[in-house]
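Each ligand, and each atom within it, is numbered from 1 in the order the structure gives.
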Amino acid sequence: MRLYLINPSNPLVSIVNIKESRWNRYRVWKPLSLMVLAGLTPPEWEISIIDENIGVPDYTIMPRPDLVGITAFTSQANRAYVAAALFRSLGVPVIMGGIHATMCLDEVAEHVDSVVTGEAEGVWAKVLRDAQLGTLKPRYDGGLAEIGDVSAARHDLLARGYAFGAIQTTRGCPLNCTFCSVTAFNGAHYRQRPIANVVREFQQVREKYVLVVDDNLVGTRPEHISRAKELFRALAEANLRKEWVAQATINFADDEELLTLAAKAGCRGIFIGFESPSPEGLHEIGKKFNLLKGRDFRASVRRIQRHKILVVGSFIIGLDVDEPGIGVRIAQAGARYGVDNLNVLFLTPLPGTRLWDRMKAENRIACDTFPEDWKYYTLTFPVARYKHLSVEGVIEEMTSCDRKFYSIPRILVRVLRSAWQRRRPLISLVGNLSYRSNIRVGARAYADFTRKRRNKHDSTAWSG
Ligand code: B12
Ligand code: SF4
């Protein structure tokens, strides 16, 4: 039995041709969902994972599969439907799962034979059995997996074209920020995989560099932090010689022992969601953690950096509290906090989030010709109606933020600072130049987007 597992591309974000530049290898990330699914698949299936981000193959000249499984974030849904239509026209049954299938079940059901919602661990074996018997049902729900049942991903598949491997050590997040899908999808209960399983799986990752995909690597409570320390100790003892990057909340900085152990275990970079430079903004999105009284972001960032861990700060533009000038304020906040890189995204109502419900009720979802418009749900296009900013205005804020933070003098200051602090200045330089080069690409994409949005929808601010 031949199974194709497909990660669809989105031409607006995919770097389709890896061969064009060797640096592109550092900008595509492995679709871990499909590697996990492959790990759950019994040996009688011959599996190919096709990541369209590396290249879209001509499926018509490939051997005909018996079954196709497609994953998709919302931004990949359009392309997922095109691929699904192609295989269905060849008489091959198509199953779709993942975050978009879970949040937009009815839409997805129109395009595929079977939809799997939730996490796959508890249900995939049954789906495959039904497919073999020709009794595939239109819907399956995996719910939330028993975390001990999460088996190792197939790291032997997708062996080429990527600089980073990928692994997951926890699922779920109790914080439930309004714009984020994680609590709705993976639950509020923070589930941690058994440490021995994680260490064993880490050993199977082939790449030296690894993305730990957890949404919040160290969790929020003292027992989560203790487990994270235990994990880092075990990884250091296993002496894997891996270097990894991860995501965490700012409380990562609060425990010196945690930071020492993380660095020993191979942590080299951390993405932290600061989200808004103002307390009002943080209230609006429900990011309680960042509101803790007495929190000094600059000191927190510096504490992390002392362990030679790079800090990438993430912010959102387009909150109801954001007024003209927010772009520069975010760039200034990033500089004040001392982050090595800044990653700024447009406030985007993703289906299934609390933000989606609110904006929908207020008629503020501007790009709403679905499924076509899903391709803009990459957080790099302003798809909503913002309170104090028109579409052109919010793009202008994004551009001024990037131009300020990634100006050549500011990049030089950051690189020299990391050289002075003996913190990998070369990586800092490459990271900063890579973000800077995105500004040009972004400008072209915005021009096209604004023209289309003006023609199709209004581009003014929300008048509420
Ligand atoms: C790693 C990651 C990335 C990597 C992607 C690597 C990759 N290609 O998969 C990178 C950094 C590239 C990335 C990019 C983006 N991401 Co992202 N990302 C994640 C993250 C943190 C982890 C995903 C992961 O690997 N999980 C581990 C695997 C094992 O879990 P899983 O994917 O959920 O898969 C399980 C089930 O869903 C199911 N399943 C999945 N697919 C299928 C398919 C079938 C057939 C079946 C049966 C089951 C099934 O089974 C799996 C095992 O249980 C998630 C958050 C999260 N917790 O999901 C956000 C998340 C998926 N990302 C999100 C977003 C918005 C984006 C971006 C659009 C914007 C951005 N800048 O972040 C871009 C889009 C890129 C694009 N191509 O369009 C949102 C998606 C929301 C949505 N509705 O689409 C999430 C949920 C985060 C959030 N804050 O809400 N992301
Ligand atoms: S943004 Fe981060 S902290 Fe907030 S709910 Fe999502 S994963 Fe949790």
Point to revise | Partner of Leu347 under side-chain contact (heavy atoms from CB on, under 4.5 Å), chosen from Asp322, Ile317, Leu355 | key: Leu355

Review point. Near Gly98, which atoms of ligand 1 are under 4.0 Å from a heavy atom of that residue?
Key: 37 (O), 39 (N), 40 (C), 41 (N), 42 (C), 49 (C)

Point to revise | Lys/Arg-Asp/Glu bridge criterion (N-O < 4.0 Å) met for Glu284, Lys387 | key: no

Point to revise | Mode of Met103 contact toward ligand 1 - side chain, backbone, both, neither (heavy atoms, under 4.0 Å) | key: neither

Review point. Contact between Gly118 and ligand 1, counting heavy atoms under 4.0 Å?
Key: yes

Review point. Which heavy-atom pair separates Lys375 from Asn10 by the least distance, and what is that distance?
Key: O-ND2, 3.0 Å

Check your understanding: For the residue pair Trp374 and Phe370, does the interplanar ring angle fall in the parallel (under 30°), tilted (30 to 60°) or perpendicular (over 60°) class?
Key -> parallel

Check your understanding: Any non-hydrogen atom of Glu121 lying under 4.0 Å from ligand 1?
Key -> yes

Study note, to complete from the structure: Looking only at non-hydrogen atoms, the one of Gly122, Cys180, Pro349 nearest atom 89 (N) of ligand 1 is Cys180

Point to revise | Heavy-atom gap Lys287 to ligand 2 smaller than 4.0 Å | key: yes

Study note, to complete from the structure: So CG of Leu157 and NZ of Lys30: to nearest 0.5 Å the spacing works out to 9.0 Å

Practice item. Count the heavy atoms belonging to other residues, nucleotides or ligands that lie under 6.0 Å from CZ of Arg221, then report whether that count exceeds 12. Key: no

Revision key, fill the gap. For Asp215, the ligand 1 atoms with a heavy-atom partner under 4.0 Å come out as 21 (C), 55 (C), 56 (C), 57 (N)

Check your understanding: Do any N/O atoms on Gly69 end up under 3.5 angstrom from N/O atoms on ligand 1?
Key -> no

Review point. Just wondering, more than 12 heavy atoms not from Gln204 lying within 6.0 Å of its CD?
Key: yes

Check your understanding: Between atom CG of Asn341 and atom CG of Leu310, what is the distance when rounded to the nearest 0.5 Å?
Key -> 7.5 Å

Review point. Touching ligand 2 at all, Asn176? Heavy atoms, strictly under 4.0 Å?
Key: yes

Check your understanding: Near Phe179, which atoms of ligand 2 are under 4.0 Å from a heavy atom of that residue?
Key -> 1 (S)

Study note, to complete from the structure: Counting from 1 in the order shown, the ligand 1 atoms closer than 4.0 Å to a non-hydrogen atom of Gly97 are 41 (N), 42 (C), 43 (C), 44 (C), 45 (C), 46 (C), 48 (C), 49 (C)

Check your understanding: Any idea which of Phe73, Phe164, Trp29 brings a heavy atom closest to atom 61 (C) of ligand 1?
Key -> Phe73

Practice item. Quick one: look up the protein heavy atom nearest atom 3 (S) of ligand 2 and list residue, atom name and how far away it is. Key: Leu175 CD1, 3.6 Å

Check your understanding: Considering only heavy atoms, does Ile70 approach ligand 1 within less than 4.0 Å through its side chain, its backbone, both, or neither?
Key -> backbone

Check your understanding: Side chain, backbone, both or neither: which part of Val213 comes within less than 4.0 Å of ligand 1 when only heavy atoms are counted?
Key -> both

Check your understanding: Can you list the atoms of ligand 1 that are under 4.0 Å from a heavy atom of Gln168?
Key -> 26 (N), 27 (C), 29 (C)

Review point. Of Leu128, Leu345, Thr74, which has the heavy atom at the shortest distance from atom 84 (O) of ligand 1?
Key: Thr74

Check your understanding: Can you list the atoms of ligand 1 that are under 4.0 Å from a heavy atom of Gln247?
Key -> 21 (C)

Review point. For ligand 1, which atoms have a heavy atom of Trp124 less than 4.0 angstrom away?
Key: 47 (C)

Exercise for review: Please confirm if an N, O or S atom belonging to Cys177, backbone or side chain, lies less than 2.8 Å from atom 4 (Fe) of ligand 2.
Suggested key: yes

Revision key, fill the gap. All heavy atoms of Ser300 vs all of Ile250, minimum pair found to be CB-CD1, 3.7 Å

Review point. Is Leu37 touching ligand 1 with its side chain, its backbone, both, or neither, if touching means heavy atoms under 4.0 Å apart?
Key: side chain

Review point. Where is the nearest protein heavy atom to atom 7 (S) of ligand 2: which residue, which atom, and how far?
Key: Asp215 CB, 3.6 Å

Review point. Which ligand 1 atoms are under 4.0 Å away from a heavy-atom of Ser75?
Key: 68 (C), 74 (C), 76 (C), 78 (O)

**Study point:** Ion pair Arg453/Asp373, N-O distance below 4.0 Å
**Key:** no

Review point. How are the rings of Phe297 and Tyr337 set relative to one another: parallel (under 30°), tilted (30 to 60°) or perpendicular (over 60°)?
Key: tilted

Review point. Nearest protein heavy atom to atom 6 (Fe) of ligand 2, by residue and atom, and its distance?
Key: Cys180 SG, 2.4 Å

Practice item. Identify the protein heavy atom lying closest to atom 8 (Fe) of ligand 2, giving its residue, its atom name and the separation to 0.1 Å. Key: Cys173 SG, 2.3 Å

Check your understanding: Quick one: does Tyr140 get a heavy atom under 4.0 Å from ligand 1?
Key -> no

Check your understanding: What atoms in ligand 1 come closer than 4.0 Å to a heavy atom of Tyr377?
Key -> 68 (C)

